[in-house]
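Working notes, beginning with the structure itself.
The first residue of the sequence shown is numbered 1, and numbering continues consecutively from there.
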Amino acid sequence: MPLTFIRDPELTPALREELLRLWVDVSQAGGSVGFVPPVTADVVRPVADALTADVAAGRARMLGAYEEGRLAGTTFFRLNANPLMSHWCTLVTVMIHPSLQGGGRGRRMLDEAAEMARDLGFEALRLEARGGMGLEDFYAGRGYKEVGRVPAGIRVAAGDDRDDITMWRPLD
């Protein structure tokens, strides 16, 4: 079944639970979405609740990717409150369920995110990636360019520091 997208889906209790399960599954598989395994729903829930609260308050937007009627992936657009930066936004929590990775779904979701951002009037997208995972190459394949790097800016575990990489994609 093909991947379908819903822009700004209704944040029902069921969708919030699907998001929580997706986030935990991606984190448990080692995905770079703010946590490292092992992680539980109790740890992820406050962060997921804060992000969905930002969506409800208009500080963020959501793109849901669905396959076979379930949430298969998502990304969020964090909007800039500073009017000098209102022409771009930041993608956060870009994730596809681990069981569905490797088939082009992530590329399709990033392309849809770019289209959604254009439709919202944005001129560029920014995102941050965890070094040491090959993510910068993946994002470069979708038009993002590395524009900054903080060496050892992310501490995954004691003795395991990774670069915090900033990527930028103009939407022209």
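Tracing side-chain contacts under 4.5 Å through hydrophobic residues (I, L, V, M, F, W, Y), one never reaches V147 starting from V150; they form parts of separate clusters. If you chain together hydrophobic residues whose side chains sit under 4.5 Å apart, Y144 and M116 fall into the same group. Under a hydrophobic-cluster definition in which Ile, Leu, Val, Met, Phe, Trp and Tyr are linked whenever side-chain heavy atoms come within less than 4.5 Å, directly or via other members, L11 and L120 are assigned to different clusters. Grouping the Ile, Leu, Val, Met, Phe, Trp and Tyr side chains by contacts below 4.5 angstrom, directly or via other members, places L135 apart from V33. Side-chain heavy atoms closer than 4.5 Å link hydrophobic residues (I, L, V, M, F, W, Y) into clusters, and following such links, even through other members, never connects L22 to F5.
When all heavy atoms of W23 and A48 are compared, the closest pair comes out as CZ3-CA, 3.4 Å. G30 approaches M133 most closely through the heavy-atom pair O-CE, 3.2 Å. Contact record, L79 with C89: CD2-CB, 4.2 Å, taken as the closest heavy-atom pair. Shown here for L71 and G73, the closest heavy-atom pair between the two residues is CD1-O, 3.3 Å. Taking both residues in full, the closest heavy atoms of A29 and P98 are given as CB-CG, 3.5 Å, listed atom of the first, atom of the second, then distance. Listed here is the closest heavy atom pair of S99 and R70: OG-NH2, 3.6 Å.
Among residues at least two apart or in separate chains, ring-ring contact (aromatic ring centres under 6.0 Å, His included) pairs with a member in residues 149-172 are W88-W168.
T75 places no side-chain N or O within 3.5 Å of a backbone atom of L91 that could act as its donor or acceptor partner. In terms of modelled atom types and a separation under 3.5 Å, the side chain of N82 and the main chain of L84 share a donor-acceptor contact. With hydrogens and angles ignored, the 3.5 Å screen pairs a side-chain donor or acceptor of R108 with a backbone N or O of L3. For S27 (side chain) and G34 (main-chain N/O), no donor-acceptor pair under 3.5 Å exists by modelled atom type. In terms of modelled atom types and a separation under 3.5 Å, the side chain of E128 and the main chain of I165 share no donor-acceptor contact. The backbone N or O of I96 sits less than 3.5 Å from a side-chain atom of Q101, completing a donor-acceptor pair. Between the side chain of Q28 and the main chain of V39, a donor-acceptor pair closer than 3.5 Å is present. In terms of modelled atom types and a separation under 3.5 Å, the side chain of D163 and the main chain of R149 share no donor-acceptor contact. When atom types are taken as modelled, the side chain of R105 and the backbone of L100 share a donor-acceptor pair closer than 3.5 angstrom. Put simply, the side chain of R61 never gets that close to the backbone of F76: no donor and acceptor are under 3.5 Å apart.
Remark: R155 CZ is loosely packed, at most 12 non-hydrogen atoms of other residues, nucleotides or ligands lying under 6.0 Å away.
Ion pairing between a basic and an acidic side chain is recognised when a charged N comes within 4.0 Å of a carboxylate O; E10 and R16 show no such pairing. Using a 4.0 Å cut-off between a side-chain N of Lys or Arg and a carboxylate O of Asp or Glu, E112 and R7 qualify as a salt bridge.
By the 4.5 Å heavy-atom criterion applied to side chains, V156 and D161 are not counted as neighbours. With contacts defined as side-chain heavy-atom distances shorter than 4.5 Å, the pair D25/H97 qualifies. E123 has its side chain out of reach of D172: every pair of non-hydrogen atoms, C-beta onward, lies at least 4.5 Å apart. Here the side chains of L127 and V92 are not in contact, with every heavy-atom distance at 4.5 Å or above.
L19 CG to M62 CE: the interatomic distance, rounded to the nearest 0.5 Å, is 5.5 Å. Considering CD of E18 and OG1 of T12, their distance stands at 7.5 Å, rounded to 0.5 Å. The distance from atom CG of L110 to atom CZ of R142, rounded to the nearest 0.5 Å, is 7.5 Å. Between the CE atom of M167 and the NZ atom of K145 there is a distance of 10.5 Å, given to the nearest 0.5 Å. Within the model, atoms CG of L125 and CG of L171 stand 4.5 Å from one another, a figure rounded to the nearest 0.5 Å. For the atom pair F122 CZ and F77 CZ, the distance stands at 8.5 Å (nearest 0.5 Å).
Residues satisfying the side chain to side chain donor-acceptor pair (under 3.5 Å) criterion with D164, sequence neighbours excluded, are absent altogether.
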- [ ] I would like to know whether V44 and L20 meet side chain to side chain contact (heavy atoms under 4.5 Å, CB included); could you show each step before the answer?
- [x] CA-CA 7 Å; V44 176; L20 180 63; 3.7 Å; yes
TODO: For the pair F138 and R107, evaluate side chain to side chain contact (heavy atoms under 4.5 Å, CB included) and give the outcome as yes or no after the intermediate values.
DONE: CA-CA 8 Å; F138 171 71; R107 290 187 298 274; 3.7 Å; yes
TODO: May I have the step-by-step check of side chain to side chain contact (heavy atoms under 4.5 Å, CB included) for L63 and M109, ending in yes or no?
DONE: CA-CA 8 Å; L63 174 64; M109 187 172 69; 4.1 Å; yes
TODO: Check step by step if side chain to side chain contact (heavy atoms under 4.5 Å, CB included) holds for R78 and L51.
DONE: CA-CA 9 Å; R78 184 159 315 279; L51 187 52; 3.4 Å; yes
